[in-house]
Participant: 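Below you'll find the structure I mean.
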Amino acid sequence: MKIIVYASALMIVGSCATLSHKEKVQAIKNNITIVSPNNVKTYANTITASELEAHLNNFASDNYEGRQVGSEGQKLAVNYLKDYYISENIATPLEDSSYFQTIPKSYLGEQYNDSENVISYIKGSEKPNEVIIISAHHDHEGIDENGEIYNGADDNGSGTVALLEMAQAFKKAQLEGHGPKRSILFLHLTAEEIGLQGSRYYTQNPAFLLKNTVANLNIDMVGRIDKSHKDTPNYIYLIGSDRLSTELHYISEVVNDTFFNIKLEYKYNEENDRNRYYYRSDHYNFAKHNIPVIFYFNGEHEDYHQTTDTADKINYPLLEKRTRLIFATAWQLANQTKRIVVDKT
Ligand SMILES: [Zn+2]
């Protein structure tokens, strides 16, 4: 009897605690005001599955020979990105106007050639020195010993073309008088596959001061579905969102609740997750410097780091929806009056 009473008292305490936590979360969320929701919808809708597919059919084609760091194929790939930004009239913040931040082979390792990060931006209208960085690596594994090409459509053609479409959407907004208040940097990183070197180099040679870097939204594989979501594809894994800024985490959720209702999955964000994804893509080089990050990731699948990671296997409507989510999150971070606060270390 005593034991039963004890157990039910515990249950009551337990449920009260859960409720008050939920209420607390709701109160935080209620405090977040989405900036210009109609504009978010208008410009997010310019990001389309068909344009993402057209870019990816090109970017993950055999022409680029698996985009290995410093290879001919990778040079063609970075020129594709640069030519795109020039054609869209989207500038670079780099002083020599080259769009390329060249990383010397002495930095990458003697077995590699020089390689490039590609950088473009939309200048903020009110706080141009503060920047939100949206990043994705463009390099991949090259060609295997049998001559098979690692096309890397999901890894990370998907993130690369997401950046192209988001940049176009922000540019259109700017041209129509709705440009972001803070700057948005589109950072196509090299040398992720050989140890996150492109992002490390960038953070040592940043285009904007790191202390003015508000957040990094990093995308690495967002065009596919992992095994556990075969029947529930409307999802994305988020990693890191609550590690440095509670506010970032809830902004990300409110943006999603307001516009998209994608299932945001956090299992890989757990501190003891044995995959350690938090440390395994480019966002980590920003987090290291206390810059809040969100890493967007679809999980691994049977074609991960195989020559079969090809453009025909991408789920384009899903890639569209996920890209729109990231766009809308960046929009909020760039336009809300107060810069997000770092409240954890
Ligand atoms: Zn990757």
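Remember, it's 1-based here, ligands and their atoms both numbered in the order they're listed. The chain is numbered in sequence order, starting from 1. All of these numbers come straight from a predicted model, not from anything done at the bench.
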Participant: Do side-chain atoms of E320 reach the backbone of A49 as a donor and acceptor pair under 3.5 angstrom?
Facilitator: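 The answer is yes, because a donor-acceptor pair under 3.5 Å joins these two groups.
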Participant: Keeping to distances under 2.8 Å, can you name the protein N/O/S atoms close to the Zn ion (ligand 1)?
Facilitator: H137 NE2, D155 OD1, D220 OD1, D220 OD2
Participant: Could you check, using the six-membered ring where one of them is a Trp, whether Y237 and H229 have ring centers closer than 6.0 angstrom?
Facilitator: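 Close enough - the centres of the two rings lie under 6.0 Å apart.
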Participant: Compile the donor-acceptor pairs under 3.5 Å between side chains in residues 204-211 and protein atoms, sequence neighbours left out, one pair per line.
Facilitator:
from: Q204; atom 1: OE1; to: Y107; atom 2: OH; distance (Å): 2.7
from: N205; atom 1: ND2; to: Y201; atom 2: O; distance (Å): 2.9

Participant: With the side chain counted from C-beta on, respond yes when H289 and T203 share a heavy-atom pair under 4.5 Å apart, and no when they do not.
Facilitator: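 Counting from C-beta outward, H289 and T203 do come under 4.5 Å.
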Participant: May I ask you to check whether Y84 and H55 place their ring centres under 6.0 Å from each other?
Facilitator: yes
Participant: Is there a path of hydrophobic side-chain contacts, each under 4.5 Å between heavy atoms, that joins F170 and L81?
Facilitator: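 Cluster IDs for F170 and L81 match.
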